[in-house]
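Read through the structure below, which is laid out as structure tokens, and then see the notes.
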Amino acid sequence: MPFEPLDQYLQRKKKLAEIEALGEDPFPHRFHQSATPTEIVSAHGSQDAGALDTQHVTVSTAGRILTLRLHGKAGFAHIQGGGARLQIYVKLDVVGERAFRLFQLLDIGDVIGISGRLFRTKTNELTVWVERLTLLAKSLLPLPEKWHGLADVEVRYRQRYLDLIANARAREIFERRALILRTLRAYFDARGYIEVETPMMQTIAGGAAARPFVTHHNTFDMSLYLRIAPELYLKRLVVGGLDRVYEINRNFRNEGVSTEHNPEFTMLEFYQAYSDYRDLMTLTEDLFAHLATTICGSTVVKYGEHTIDLGKWQRLSMREAIASYWPAGAAPAPTAAELASREGPRAAAERFNSWVRARAQRGSSEAGAPQAPLAGIEKMTHGELTGLLFETVAEPKLIQPTLLYDFPTDISPLSKCRDDDPSLAERFEVYIAGLELGNAFSELNDAEEQERRFREQVERGGEEAPREVDMDYVRALAYGLPPTAGMGIGIDRLTMLLTDAHSIREVILFPLLRPERAASMSSMSASPEEISAAESGNIIPASQREAGSSETEAHPADTKTPLDWRRANDSGQIKTGPGE
RNA sequence: GGGCCGGUAGCUCAAUGGUAGAGCAGCUGACUCUUAAUCAGCGGGUUGCAGGUUCGAGUCCUGCCCGGCUCACCA
């Protein structure tokens, strides 16, 4: 099926036919590389012309053509392979007439194999003096334009392959993401953890407060949820004697998307028996410093305008954080003691709201300040209010690495509480650059207390509360879970931090996007006249194309791709009109 | 879902309400060390979609679609 831009697609089809007429196979099965362009550049990039000549280095390599400069009976091109670019020089009297004719029929985007010797041009660029040239794959669609590269954010995400070809930074981000994963695995493997995989499809979606995705299993005729967290399964494993486990895998939460949220995201969770959250604070500081030095070469990393030292941490209680980041206009700032008191958080939240409302009336808007008052505070518990105040007032301000501790117990249903104050949980979160990167606590291992908290959640209800109590988990605890500490780290956000990326979509290869519109998809298919024209090598000008196929163009949704269109409608993925 | 910004040739972008343009990419030709190659010529558009105002709309109005940012949602 031809794709747009049709004229260029057909033009390239025509060249393909000419190449076949030369007796060349446009899609040969194999080609032997002695080295990739990247390897050649790193091995010989520093050798001067004299050294290259005396050593007479011959190479056989392959890659995608990114630039092409023909000069009559010779020409230059750059090929890209393994991430680096290498220039090649093709001369008629070296490669012969047939190969040179092939060279003239090549387009930017074609994949070729070449062999020859290395030399340096007049301008001292490392270049292959091509002796043999083979087409390895014909490209039928033009690559993004060479000056500006690929800038359209939507195309970069939808057609990530183009982003990876055109933007070196895209490739670097995902290479670095792989390095982060390797480093994490090595770190935990070296400390006696075993990596495990637990169910992604669960009958009860637990371990976090989030709306799950629902699916259906045919044979058992039952609903299944895509997991929102692996937590409850990993702790079952600790009950089973796997004292140190970790899992790196996807979680799914049926929520909105933002620069920090994708509905599926990758999470590291690890648990270690005979430990508590203090041990994990120490581990966190060590782990982040280790990651930064391994991946960025220093504990100091740049994130946008900020310079962040992952070797220096502050520890702050949630109440201290609220008190110290309280906006000046909403004075007086609550004290930690006030926030600890029975009505303290509510009074502070009301003070905050009246400030926001008054400011809205004055019409003043300070940069970065919230525009809407806190919603739903009437129904919130003491702990929920504290958590909300923290997120509103302090979280965006936590740029330097911070371990935030003393979470309210009533927003921490899976944590042990402090011995000296049952309203506070033995829990902390990791904040860096205003991002929430990690969440850790001493795991609640009292089965009866856990069951009580679960029942309370179910009774309180709400969209994000579990529908039923996971009694098998409670039963597992009843067999005895050693004192255990556990932690989750968001891999996507961690990658953002270590690659200076400011949207989660930059670090996820294929982030969730709204589906492409049916109408625009149908424009990618061509009419029968166009296809036969393509086969005969004739190109129909757009003006005639339009006239010749106007009947079918008039209702593309009905006539071109009826199945796709109806399917999209049935599933409600595409909005078809007002009022939906 | 709300607010703000945007959608013009394949790409990056122009165009007081008055004939839709440029560069790159593409095509033809010239050119045996170029690299944003150069030179000469050619083709390429339902200005996101649908209405409205107007003698006349890329431009103004309304609705919708799509994207980005942001707020809300999201421990």
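All of these numbers come straight from a predicted model, not from anything done at the bench.
Between the side chain of Q87(A) and the base of rU34(B), at least one donor-acceptor pair of N or O atoms lies under 3.5 Å.
Distance noted for atom C1' between rU12(B) and rG17(B): 27 Å (whole Å). Straight-line distance between the P atoms of rA15(B) and rA72(B): roughly 36 Å, to the nearest whole Å. Only the C1' atoms considered, rA50(B) is 10 Å distant from rC65(B), to the nearest whole Å. For the P atom pair drawn from rC27(B) and rG43(B), the interatomic distance equals 16 Å after rounding to whole Å. For rG23(B) and rC39(B), the P atoms lie 11 Å apart once the distance is rounded to whole Å. rC24(B) sits 15 Å from rC42(B) when the P atoms are compared, rounded to a whole Å. Only the P atoms considered, rG10(B) is 35 Å distant from rC33(B), to the nearest whole Å. Atom P of rC61(B) sits at a distance of 24 Å from the matching atom of rG67(B), rounded to the whole Å.
Note on I411(A): a base of the nucleic acid sits closer than 4.0 angstrom, heavy atoms only. Residue F119(A) is in base contact, counting any heavy-atom pair closer than 4.0 Å across all strands shown. The residue E125(A) sits close to a base: some heavy atom pair falls under 4.0 Å.
Listed nucleotides: rC27(B), rC33(B), rA75(B). Nearest to the side chain of D107(A): rC27(B). Here the nucleotide nearest the side chain of K122(A), chosen from rA75(B), rC66(B), rU34(B), is rU34(B). Among rC33(B), rA75(B), rG26(B), the nucleotide with an atom closest to any side-chain atom of E391(A) is rA75(B). Each of rG68(B), rG26(B), rU32(B) was ranked by its minimum atom distance to the side chain of R505(A); first place goes to rG68(B). Here the nucleotide nearest the side chain of R427(A), chosen from rA75(B), rC73(B), rU32(B), is rA75(B). Nearest to the side chain of E436(A), among rA75(B), rU34(B), rG43(B), sits rA75(B). The listed nucleotides are rA75(B), rG26(B), rU34(B); the one nearest the side chain of H71(A) is rU34(B). In this structure, of rU32(B), rC27(B), rU34(B), it is rU32(B) that holds the atom nearest to the side chain of K91(A). Across rU70(B), rC33(B), rA75(B), the shortest atom-to-atom separation from the side chain of T259(A) is found for rU70(B).
Between E18(A) and K13(A) there is no salt bridge, since none of the side-chain N atoms of the basic residue sits less than 4.0 Å from a carboxylate O of the acidic one. Using a 4.0 Å cut-off between charged side-chain N and carboxylate O, E97(A) and R101(A) make no salt bridge. Look at D107(A) and K138(A) and you find a salt bridge, because one of the NZ, NE, NH1 or NH2 atoms lies within 4.0 Å of a carboxylate O, short of that distance. One finds no salt bridge joining R418(A) and E426(A) here, because no Lys/Arg side-chain nitrogen approaches an Asp/Glu carboxylate oxygen to under 4.0 Å. Between R156(A) and E506(A) there is a salt bridge, since at least one side-chain N of the basic residue sits less than 4.0 Å from a carboxylate O of the acidic one.
Note: CG (L143(A)) to P (rA25(B)) measures 13 Å, nearest angstrom. Atom CD1 in I504(A) sits about 14 Å away from atom P in rG68(B), given to the nearest Å. Protein atom NZ of K73(A) is 5 Å distant from nucleotide atom P of rU32(B), rounded to whole Å. The CG-C1' distance, from L162(A) to rU12(B), rounds to 16 Å in whole Å. To the nearest angstrom, P of rG26(B) lies 15 Å from CG of L140(A).
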RNA chain B base-pair string [pairs: Watson-Crick or G-U under 3.5 Å; |: paired with another strand]: (((((((..((((....[..)))).(((((.......))))).....(((((..]....))))))))))))....
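A residue-by-residue look at L388(A) and V155(A) shows that V155(A) has its nearest nucleotide of RNA chain B further toward the 5' end. Along RNA chain B, the nucleotide nearest to G75(A) and the one nearest to L70(A) differ in position, and the one closer to the 5' end is contacted by G75(A).
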Would you list the atom pairs, donor with acceptor, under 3.5 Å between side chains in residues 83-90 of chain A and any protein atom, with sequence neighbours excluded?
from   : atom 1 : to      : atom 2 : distance (Å)
Q87(A) : OE1    : R69(A)  : NH2    : 2.9
Q87(A) : NE2    : T127(A) : OG1    : 3.0

Counting only pairs under 3.5 Å, give me each side-chain donor-acceptor contact of residues 70-80 of chain A, with atom names and distances, residues two or more places apart or in other chains.
from   : atom 1 : to      : atom 2 : distance (Å)
H78(A) : ND1    : T67(A)  : OG1    : 3.0
H78(A) : NE2    : E125(A) : OE2    : 2.8
Q80(A) : NE2    : I165(A) : O      : 3.1

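The phosphate of rC73(B) (OP1 or OP2) has no side-chain N or O of S258(A) nearer than 4.0 angstrom. The shortest distance between the side-chain N/O atoms of R69(A) and the OP1/OP2 oxygens of rA37(B) is below 4.0 Å. Look at K15(A) and you'll find a side-chain N or O under 4.0 angstrom from OP1 or OP2 of rC27(B). R158(A) has a side-chain polar atom (N or O) that falls below the 4.0 Å cut-off from OP1 or OP2 of rG67(B).
Checked against the 6.0 Å centroid criterion, the rings of Y431(A) and F390(A) qualify as a close aromatic pair.
Relative orientation of the F119(A) and W129(A) rings is perpendicular, given thresholds of 30° and 60° on the angle between their planes.
Using modelled atom types, one finds no donor on one side chain facing an acceptor on the other under 3.5 Å when comparing Y271(A) with K235(A).
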